[in-house]
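A short worksheet on the structure shown next.
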Amino acid sequence: MITVHTIAALKEQLAIFRSTTQSIGFVPTMGYLHEGHESLLKKARNENDVVVLSIFVNPSQFGPNEDLDRYPRDLERDLAIAKKSQVDIVFAPSIEEMYPTKMKIHFLAEEQSKVLCGASRPGHFEGVLMVVTKLFHLVSPTRAYFGMKDAQQLAIIETLVRDYNFPLEIIRGETIREEDGLAKSSRNVFLCEKEREEAPALFQALVLAKEHFQKHRSVIDAIQKATEHVTKNTNAKIDYLQLLEYPSLAEVTEDSQEMIVAGAIYFENARLIDNQIFNVKGE
Ligand code: AMP
């Protein structure tokens, strides 16, 4: 495994691999790796000749009052996990390397970015699209891997790739969870003991909403069920709980087939998100 911190070194290493290999699998992350990231790396390892992992806490996707400064970081630990996952190249650039000058061209994501996290984190997805575009150009992967845990991000990146003809395939990875259902997240370290006990209520609420919707087809009632469950079982503040069509993220209609019920809740020091994606007919 080779770790590089500069674009020049990344290009040099990729050139060596490109002369002898067919496919490059790419897993972009913000580091502080956990089993969710590892499952994407495993998928990438199984499906490609070369695996590239990026570790970059991207400032352009954080709002002014968000947790950029205290986002957990531990490169040494991440490198050990990457090595165990048989990564070939780790790209861990500095902010200056990725953004040497002020960015003067920005993305404008449409409907898909106006709901859920996009509504509570203005500019977030534009920042994601900025960094992902840069990384896609730097790595030129055959396949790029994203987790369904961040289902809105995944849907918007799929739109980016389709709308702008990026020559790569986006592969979806299942959400990896703790035994009690809590979705693995780098931010879970910010939960105190009591919050950690309460946190699975978000997942449980989303499952309840999904099951209620599948039985009764009422978005309002399904969300009501989820809201009651979170309110009863946690001291968290609800940011949103919503049921929409997926991946369009439009309002549910009679014709909707694929749905998402997604939620975000605030604990004292962590905002947690989770979702359930399901077909109207069953799973
Ligand atoms: P992050 O480091 O949080 O930016 O996440 C990097 C990638 O890992 C994204 O594609 C996430 O969707 C994915 N990811 C994060 N948590 C999980 C999880 N619990 N299960 C599966 N994928 C995840």
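Indexing begins at 1, ligand by ligand and atom by atom, following the structure's order.
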Suppose we measure from [atom] to each protein heavy atom; which comes out shortest, and what is that distance?
{"atom": "atom 21 (C) of ligand 1", "value": "E174 O, 3.2 Å"}
{"atom": "atom 4 (O) of ligand 1", "value": "M30 CG, 3.5 Å"}
{"atom": "atom 11 (C) of ligand 1", "value": "D150 OD2, 3.0 Å"}

Can you list the ligand 1 atoms lying under 4.0 Å from a non-hydrogen atom of T175? 20 (N), 21 (C)

Run the numbers for me: atoms of ligand 1, each under 4.0 Å from some heavy atom of F146, listed by number.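 Within the 4.0 Å cut-off of F146, ligand 1 contributes 10 (O).
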
Considering both backbone and side-chain atoms of [X], is one of its nitrogen or oxygen atoms within less than 3.5 Å of a nitrogen or oxygen in ligand 1?
{"X": "I176", "answer": "yes"}
{"X": "A183", "answer": "no"}
{"X": "H37", "answer": "yes"}
{"X": "S39", "answer": "no"}
{"X": "G147", "answer": "yes"}

Output all residues satisfying side-chain contact (heavy atoms from CB on, under 4.5 Å) with H212, sequence neighbours left out; order by chain, then residue number. H216, D221, A222, K225

Kindly check if the number of other-residue, nucleotide or ligand heavy atoms within 6.0 Å of NZ (K134) is above 12?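 Yes - once you tally the heavy atoms of other residues, nucleotides and ligands closer than 6.0 Å, there are more than 12.
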
Compute the minimum heavy-atom distance from H34 to ligand 1 and say whether it is under 4.0 Å.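 So H34 counts as touching ligand 1.
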
Can you find a non-hydrogen atom of M148 under 4.0 Å from ligand 1?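 The answer is no: ligand 1 sits nowhere under 4.0 Å from a heavy atom of M148.
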
Where is the tightest heavy-atom contact between [X] and [Y], given as atom of each residue plus distance?
{"X": "F17", "Y": "V50", "answer": "CD2-CG2, 3.7 Å"}
{"X": "Y99", "Y": "S60", "answer": "OH-OG, 3.1 Å"}
{"X": "L40", "Y": "G147", "answer": "CD1-N, 3.9 Å"}

Cation-aromatic face contact R187/Y71, 6.0 Å, 45 degrees: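 No; the conditions do not both hold, so R187 does not lie above the ring face of Y71.
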
Only one of D78, L33, I89 clears side-chain contact (heavy atoms from CB on, under 4.5 Å) with L53; which?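 Output: one option passes, namely L33.
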
Any idea which part of [X] is under 4.0 Å from ligand 1, heavy-atom wise: side chain, backbone, both or neither?
{"X": "P28", "result": "backbone"}
{"X": "L40", "result": "side chain"}
{"X": "K184", "result": "both"}
{"X": "K149", "result": "side chain"}

Please list, chain by chain and in numerical order, all residues satisfying ring-ring contact (aromatic ring centres under 6.0 Å, His included) with F166, sequence neighbours excluded. F136, H137

Under 4.0 Å between a Lys/Arg side-chain N and an Asp/Glu carboxylate O for R121 and D239? no

Ion pair check, E66 and R271, cut-off under 4.0 Å: no

